[in-house]
Enquirer: 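Before I ask anything, here is the structure I am working with.
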Amino acid sequence: MNLAHTTVLLWVWGGLQAFEIVEKENIFQRTPCPAFLIFDNAAYLADMSFELPCHCKPEEVSAVVWYYQKHLGSSHTKVLTDFDGRVLTEAAQVRVGSDMLVRFSIRMFSLLVFRAQPEDSGLYFCGTRKGDYFYAYDVDIQSSEVMVATFKDQGQEPFADDYYGSLHVFTTFWEWTPCDRCGVRGEQWRIGLCYLQSPDLSPRYRKTLPDVVSCGSQAVPRKLRAKARDHTPELLVQSCMVPCRKTTMTREGVMAIFNYVSKVGSRPWVPQVPIQFHQQRLGHGLIISCPGARPEHAVAWDKDHQYLYRTQYLKGVNRSMRVFIDHGNHLHIRFTQLDDRGIYYCWRQGVRVAGFRLGVTSRGRYKASFSDPETRSAVELTLLGYLLITAVFATIHLCRCCCYLLRCCPDFSP
């Protein structure tokens, strides 16, 4: 009787699994490809990662190939695949500034781009290795370098909409992030990207609202794009306060051992989050990233018991800031000093997740590398100085030659 029941259960489970596979394969059959190629408009902020799904493909196509063009009809097209659709890239291994061919991945017919940059803006095509396109995107990556922060607690207001005849330029805000801290006063923010509305847009681009696309879309004519250039992305910040969630004690055994070892009653210090130690040389810069955080996440930084709020430490608030938080949620320390020593805690989505114990030393050998921005700046300044000295030297000798030639030339005047 048990064997019969087991056989029936295995047969039912196999049937359900086969049904699930059939359902997954029939997704593309239910989504017909458009007869005329239309571009879906999508806008993101720089340093964000995004996914472009290939919503349709012919049934006989088993692997897709992704293509990239800077402008429609461009003769230079990048192929973003190994022609088998199996290119994989780990997001943790991608660095800021890497080439786009290094910062992408293809999974389940979808294109994933990690840490997108403004130069990645353009047209993305989903097609075959023969160059037949059946789905396309118009991607606009807006720069965070010119982003303007607005603090609601200080009575500041977002940008007002701009009107140029039939052209309407405005900011579209995303949802508020969760509070970046719990149990204490925290902050939350929302990202605003530039959009415009005009009846003069190209009909080949699909809009979420009638005649509305992002400001950097290929659907916007060049003359209209120049008018919307001054409308930059925005960051709206406000204070918040939320209680912390109760967590169950999972380290009773470890604490019992500590209590047994310290029989006097003074417990040793046990960190609540993983702590990483880093030794930094005095006078050199440092950039700290929060593990697992993305630019759209709510990330906060503390130094020991000091809260580093964005109202004081956000990049651009003060041009002479030595310690600041950029729009990608990284903590920057320029020209490290001795008083920078301490533990820097990182919050992600309202939960403290990691700590960095920073030590500063004035001695030790420092290996120069071109990946270090300070090393690159030093090399650039040195080369610029040599070029300036060479230009001055050449100018002086040229003047001396001219004076010598003018003296040696005969004077034919009567």
Enquirer: How long is the gap from CZ on Arg341 to CG on Leu282, to the nearest 0.5 Å?
Expert: 9.5 Å
Enquirer: Using a strict cut-off of less than 4.0 Å between a Lys/Arg side-chain nitrogen and an Asp/Glu carboxylate oxygen, indicate whether Glu296 and Arg190 qualify as a salt bridge.
Expert: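 No, Glu296 and Arg190 are not salt-bridged.
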Enquirer: Could you check Ile106 against Leu112 for side-chain contact (heavy atoms from CB on, under 4.5 Å), going step by step and ending with a plain yes or no?
Expert: CA-CA 6 Å; Ile106 296 178; Leu112 281 73; over 6 Å; no
Enquirer: So Tyr163 and His168, would you call those rings parallel, tilted or perpendicular, with 30° and 60° as cut-offs?
Expert: parallel
Enquirer: Could you walk me through whether Val79 and Trp66 pass the side-chain contact (heavy atoms from CB on, under 4.5 Å) check?
Expert: CA-CA 6 Å; Val79 182; Trp66 282 89; over 6 Å; no
Enquirer: Please check this pair: side chain of Gln197 against backbone of Val212, looking for a donor-acceptor N/O pair closer than 3.5 Å.
Expert: no
Enquirer: Just do the side-chain contact (heavy atoms from CB on, under 4.5 Å) check on Asp340 and Leu358 with the steps written out, would you?
Expert: CA-CA 7 Å; Asp340 292 329; Leu358 178 62; 4.3 Å; yes
Enquirer: Do any N or O atoms from the side chain of Gln238 and from the backbone of Gln188 form a donor-acceptor pair under 3.5 angstrom?
Expert: no
Enquirer: Using modelled atom types only, decide if a donor and an acceptor are shared between the side chain of Arg357 and the backbone of Gln276 within a distance under 3.5 Å.
Expert: no
Enquirer: Hey, mind stepping through Thr150 and Gln156 against side-chain hydrogen bond (donor to acceptor under 3.5 Å, both in side chains) and telling me if it holds?
Expert: CA-CA 6 Å; Thr150 303; Gln156 301 177 1; 4.9 Å; no
Enquirer: I'd like to check Cys182 versus Trp347 (side-chain heavy atoms, cut-off strictly below 4.5 Å). Are they in contact?
Expert: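 They are in contact (side-chain heavy atoms under 4.5 Å apart), so the answer is yes.
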Enquirer: Counting only heavy atoms not in Glu175, do more than 12 sit closer than 6.0 Å to its CD atom?
Expert: no
Enquirer: Where does the angle between the aromatic ring planes of Phe125 and Tyr133 fall among parallel (under 30°), tilted (30 to 60°) and perpendicular (over 60°)?
Expert: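 If you compare the ring of Phe125 with that of Tyr133, the planes turn out parallel.
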Enquirer: Could you check whether Arg334 makes a cation-pi contact with Phe324, meaning its NZ or CZ is under 6.0 Å from the centre of the six-membered ring and within 45° of the ring axis?
Expert: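 Here Arg334 fails the 6.0 Å and 45° test against Phe324.
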Enquirer: Are side-chain heavy atoms of Val273 and Val353 found at a separation under 4.5 Å?
Expert: no
Enquirer: How far does OH of Tyr67 sit from OG1 of Thr77, to the nearest 0.5 angstrom?
Expert: 9.0 Å
Enquirer: Would you find a donor on one side and an acceptor on the other, under 3.5 Å apart, between the side chain of Arg229 and the backbone of Ala226?
Expert: no
Enquirer: His327 and Lys315: which non-hydrogen atoms are nearest, and at how many Å?
Expert: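 Scanning both residues completely, I find the closest heavy atoms to be NE2-O, 4.2 Å.
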Enquirer: Could you check whether any side-chain heavy atom of Phe39 comes within less than 4.5 Å of a side-chain heavy atom of Ser202, counting everything from C-beta outward?
Expert: no
Enquirer: Report the distance from atom CG of Leu72 to atom CG of Leu37, rounding to the nearest 0.5 Å.
Expert: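 That separation rounds to 8.5 Å.
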Enquirer: Over all heavy atoms of both residues, which pair between Ala116 and Ile141 is shortest? Give the atoms and the distance, please.
Expert: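 Smallest interatomic distance, heavy atoms only, reads CB-CD1, 3.9 Å.
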Enquirer: How close do Asp138 and Ala219 get, heavy atom to heavy atom, and via which atoms?
Expert: OD2-N, 4.3 Å
Enquirer: Treating Ser121 as the side-chain partner and Pro118 as the backbone partner, does any N or O pair qualify as donor plus acceptor under 3.5 Å?
Expert: yes
Enquirer: Would you call the rings of His330 and His332 parallel, tilted or perpendicular, where under 30° means parallel and over 60° means perpendicular?
Expert: perpendicular
Enquirer: To the closest 0.5 Å, what do you measure between OG (Ser217) and CG (Leu196)?
Expert: 8.0 Å
Enquirer: Could you give me the CA-CA distance, side-chain angles and deciding distance for Tyr124 and Tyr68, then say whether ring pair (Phe, Tyr, Trp, His ring centres under 6.0 Å) is met?
Expert: CA-CA 5 Å; Tyr124 291 81; Tyr68 168 78; 5.0 Å; yes
Enquirer: Decide if atom OH of Tyr386 counts as having more than 12 heavy atoms of other residues, nucleotides or ligands within a radius under 6.0 Å.
Expert: no
Enquirer: Between Asp302 and Arg181, does any NZ, NE, NH1 or NH2 come within less than 4.0 Å of an OD or OE carboxylate oxygen?
Expert: yes
Enquirer: Applying side-chain contact (heavy atoms from CB on, under 4.5 Å), run through Phe159 and Thr232 and close with a yes or a no.
Expert: CA-CA 9 Å; Phe159 287 152; Thr232 59; 3.6 Å; yes
Enquirer: Would you name the heavy atoms of Phe134 and Cys54 that are closest together and state the gap between them?
Expert: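 Looks like CE1-SG, 3.7 Å.
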Enquirer: For the pair Tyr44 and Phe50, name the ring-plane relationship: parallel under 30°, tilted 30 to 60°, perpendicular over 60°.
Expert: parallel
Enquirer: Do Ser214 and Leu193 have side-chain heavy atoms sitting under 4.5 Å apart?
Expert: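 Result no, sub-4.5 Å side-chain heavy-atom pair not found.
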Enquirer: Please tell me if the side chains of Leu236 and Trp176 come closer than 4.5 Å, counting only heavy atoms from C-beta onward.
Expert: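 Side chain of Leu236 against side chain of Trp176, heavy atoms only: contact under 4.5 Å found.
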Enquirer: Does any N or O in the side chain of Tyr345 come within less than 3.5 Å of the main-chain N or O of Tyr307, such that one atom is a donor and the other an acceptor?
Expert: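 A pair under 3.5 Å: no.
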Enquirer: Would you indicate whether the side-chain heavy atoms of Ser198 and Val220 approach each other to under 4.5 Å?
Expert: no
Enquirer: Strictly distance-based, threshold 3.5 Å: is any side-chain N or O of Asp140 a donor or acceptor partner for the main-chain N or O of Gly216?
Expert: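 Such a contact is found between Asp140 side chain and Gly216 backbone.
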Enquirer: Does the pair Ser110 and Glu51 meet the rule for a side-chain hydrogen bond (donor to acceptor under 3.5 Å, both in side chains), with working shown?
Expert: CA-CA 7 Å; Ser110 298; Glu51 177 183 0; 3.3 Å; yes
Enquirer: Nearest 0.5 angstrom please: Tyr205 OH to Asp211 CG, how far?
Expert: 15.0 Å
Enquirer: Can a donor-acceptor pair be found, under 3.5 Å and without considering hydrogens, that links the side chain of Asp40 to the backbone of Arg206?
Expert: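 Here the side-chain-to-backbone pair does not exist.
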Enquirer: Kindly state each residue pair satisfying disulfide (SG to SG under 2.5 Å) with at least one member in residues 277-337, sequence neighbours excluded.
Expert: Cys290-Cys346
Enquirer: Ignoring hydrogens, what is the shortest heavy-atom contact between Asn41 and Tyr195? Give both atom names and the distance.
Expert: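 Scanning both residues, the minimum pair turns out to be OD1-CE2, 4.3 Å.
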Enquirer: Using modelled atom types only, decide if a donor and an acceptor are shared between the side chain of Gln349 and the backbone of Ala298 within a distance under 3.5 Å.
Expert: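 Yes, the answer is positive, given that a donor and an acceptor are paired below the 3.5 Å cut-off.
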Enquirer: To check you understand the geometry: which heavy-atom pair defines the closest contact between Leu286 and His278, and what is its length?
Expert: CD1-NE2, 3.7 Å
Enquirer: Would you say the side-chain atoms of Asp47 pair up with the backbone N or O of Gly328, donor to acceptor, closer than 3.5 Å?
Expert: no
Enquirer: CG of Asp120 to CE of Met48: how many Å apart, nearest 0.5 Å?
Expert: 14.0 Å
Enquirer: Decide yes or no for Thr171 and His231: does some side-chain heavy atom of the first lie under 4.5 Å from some side-chain heavy atom of the second?
Expert: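 The answer is yes, as the side chains (C-beta and beyond) meet within the 4.5 Å cut-off.
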Enquirer: Does the side chain of Gln306 come within less than 4.5 Å of Asp304's, by heavy atoms?
Expert: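 No, every pair of side-chain atoms sits at 4.5 Å or beyond.
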